[in-house]
Novice: 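Quick one: structure below, then a few questions.
Residue numbers start at 1 and run along the sequence shown. In each ligand, atom 1 is the first atom listed, and ligand 1 is the first ligand listed. Just the heavy atoms: all of them, side chains too, but no hydrogens, waters or symmetry mates, feed the values below.
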Amino acid sequence: MKIIATILFSVFLISCQNSDSSKTNKFVPEMYEVSEMTNLMRSIYKENEVIKKEIISGEAPKHFPTYFLNIFKSKLTDNKPYTENFVAYSKVYIDHVRSIYDSVSTISLKTRYNNSINSCISCHTTECTGPIPRIKKLLIE
Ligand code: HEC
């Protein structure tokens with residue numbers, strides 16, 4: 001029970017704060033229906049935990065995870081249209097991710113990786129502030 005409560009609590013914590021309050025009138029199962037974008041973001045989050053570990057242990061991540069490109073086409077919650085901000089930031093983000101896999105770059109891997117995480121944070125500042133504290137944990141100190 002304690003574990004379930006913890007999980008539910010953390011799901012609540014990491015959700016976007018600007019979620020639609022009209023949702024509270026719907027049936028409970030619908031409240032847990034997650035969008036394509038949310039699922040993608042959760043996978044991207046997990047992938048970054050792996051990338052972070054690799055970089056800390058001195059390994060260069062090898063393959064650009066092409067499914068990250070689904071950021072350009074995944075459906076948002078309630079099928080909301082992408083804002084101009086979202087479109088701009090998603091391009092910046094993907095450019096930063098690509099730079100991690102640039103084997104001839106003269107910028108340190110740690111900096112390139114942190115730049116990518118900072119662009120997650122930039123986008124979230126305007127689009128979805130809830131997960132920011134959690135995203136910050138992905139930064140390499
Ligand atoms: C271009 C903007 C943008 C970028 C870049 C971005 N996000 Fe998101 N993120 C969003 C939006 C918008 C949502 C909400 C999705 C929805 O409403 O369907 C979201 C949702 C999430 C969620 C889901 C929260 C939940 O309810 O479970 C997590 C976690 C997350 N993002 C982490 C990240 C991480 C980590 C990165 C970078 C590695 C990142 N995001 C990059 C815009 C962005």
Novice: Please list, in number order, the atoms of ligand 1 under 4.0 Å from a heavy atom of Leu138.
Specialist: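 Atoms satisfying the 4.0 Å criterion: 35 (C).
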
Novice: Short N/O distance, under 3.5 Å, between Ser116 and ligand 1?
Specialist: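 In this structure, Ser116 places no N or O atom under 3.5 Å from an N or O of ligand 1.
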
Novice: Under 3.5 Å between some N or O of ligand 1 and some N or O of Thr77?
Specialist: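 N/O-N/O distance below 3.5 Å exists for this pair.
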
Novice: Just heavy atoms, cut-off under 4.0 Å: does Cys120 contact ligand 1 by side chain, backbone, both, or neither?
Specialist: both

Novice: Tell me the contacting part of Val34 for ligand 1: side chain, backbone, both, or neither, using a 4.0 Å heavy-atom threshold, strictly below.
Specialist: neither

Novice: Treating Lys110 as the side-chain partner and Glu141 as the backbone partner, does any N or O pair qualify as donor plus acceptor under 3.5 Å?
Specialist: yes

Novice: What are the atoms of ligand 1, with element, lying closer than 4.0 Å to any heavy atom of Ser90?
Specialist: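 By the 4.0 Å cutoff, the relevant atoms are 1 (C).
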
Novice: Using a strict 4.0 Å cut-off to heavy atoms of Ser35, name the atoms of ligand 1 that fall inside it.
Specialist: 16 (C), 18 (O)

Novice: Which atoms of ligand 1 sit under 4.0 Å from any heavy atom of Ile44?
Specialist: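 Contacts of ligand 1 toward Ile44, numbered from 1: 38 (C).
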
Novice: Mind checking side chain to side chain contact (heavy atoms under 4.5 Å, CB included) for Asn85 and listing every partner two or more places apart, or none if nothing turns up?
Specialist: Thr83, Tyr89, Thr126, Glu127

Novice: So do the side chains of Phe64 and Asp102 get within less than 4.5 Å of each other, counting heavy atoms only?
Specialist: no

Novice: Are Thr77 and Glu33 side-chain neighbours, meaning at least one heavy-atom pair lies under 4.5 Å?
Specialist: no

Novice: Given side chains that start at C-beta, do those of Ile44 and Pro65 come closer than 4.5 Å, heavy atoms only?
Specialist: no

Novice: In ligand 1, which numbered atoms sit nearer than 4.0 Å to a non-hydrogen atom of Met37?
Specialist: 15 (C), 18 (O)

Novice: Going by heavy atoms in the side chains, are Lys80 and Met37 under 4.5 Å from each other?
Specialist: no

Novice: Mind reading off the angle at atom 8 (Fe) of ligand 1 between the SD atom of Met41 and the NE2 atom of His124, rounded to 10°?
Specialist: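 Centred on atom 8 (Fe) of ligand 1, the SD/NE2 angle is 170° (to 10°).
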
Novice: Looking at ligand 1, does Glu36 have a heavy atom less than 4.0 Å from it?
Specialist: no

Novice: Hey, what do you get for CD1 (Ile121) to CD1 (Ile135), rounding to the nearest 0.5 Å?
Specialist: 6.5 Å

Novice: Using side-chain heavy atoms (C-beta onward) and a distance below 4.5 Å, is Ile100 in contact with Ser116?
Specialist: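 Heavy-atom side-chain distance check passes, below 4.5 Å.
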
Novice: How far apart are the closest heavy atoms of Phe72 and Ser90, and which atoms are they?
Specialist: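 In terms of heavy atoms, the two residues are closest at CE2-OG, 3.6 Å.
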
Novice: I'd like to check which ligand 1 atoms, numbered from 1 as shown, lie under 4.0 Å from a non-hydrogen atom of Phe86.
Specialist: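 In order of numbering, the contacting atoms are 1 (C), 2 (C), 12 (C), 42 (C).
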
Novice: I need the atoms of ligand 1 closer than 4.0 Å to a non-hydrogen atom of Tyr45, numbered in the order shown.
Specialist: 35 (C)

Novice: State whether the side chain of Glu36 and the backbone N or O of Lys75 hold a donor-acceptor pair below 3.5 Å, judged by distance alone.
Specialist: yes

Novice: Distance under 4.0 Å to a non-hydrogen atom of Tyr93: what atoms of ligand 1 satisfy this?
Specialist: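 Matching atoms, with element in brackets: 5 (C), 37 (C), 38 (C).
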
Novice: Which residue from Lys136, Arg42, His96 reaches closest to atom 27 (O) of ligand 1 through any of its heavy atoms?
Specialist: Arg42

Novice: Decide yes or no for Tyr93 and Cys123: does some side-chain heavy atom of the first lie under 4.5 Å from some side-chain heavy atom of the second?
Specialist: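 A side-chain contact under 4.5 Å is absent here.
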
Novice: Below a 4.0 angstrom heavy-atom separation, can you tell me which part of Val92, side chain or backbone, both or neither, approaches ligand 1?
Specialist: neither

Novice: Counting heavy atoms only, which of Cys123, Pro131, Ser119, Ser122 is nearest atom 4 (C) of ligand 1?
Specialist: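 Going through Cys123, Pro131, Ser119, Ser122 one by one, Cys123 has the nearest heavy atom to atom 4 (C) of ligand 1.
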
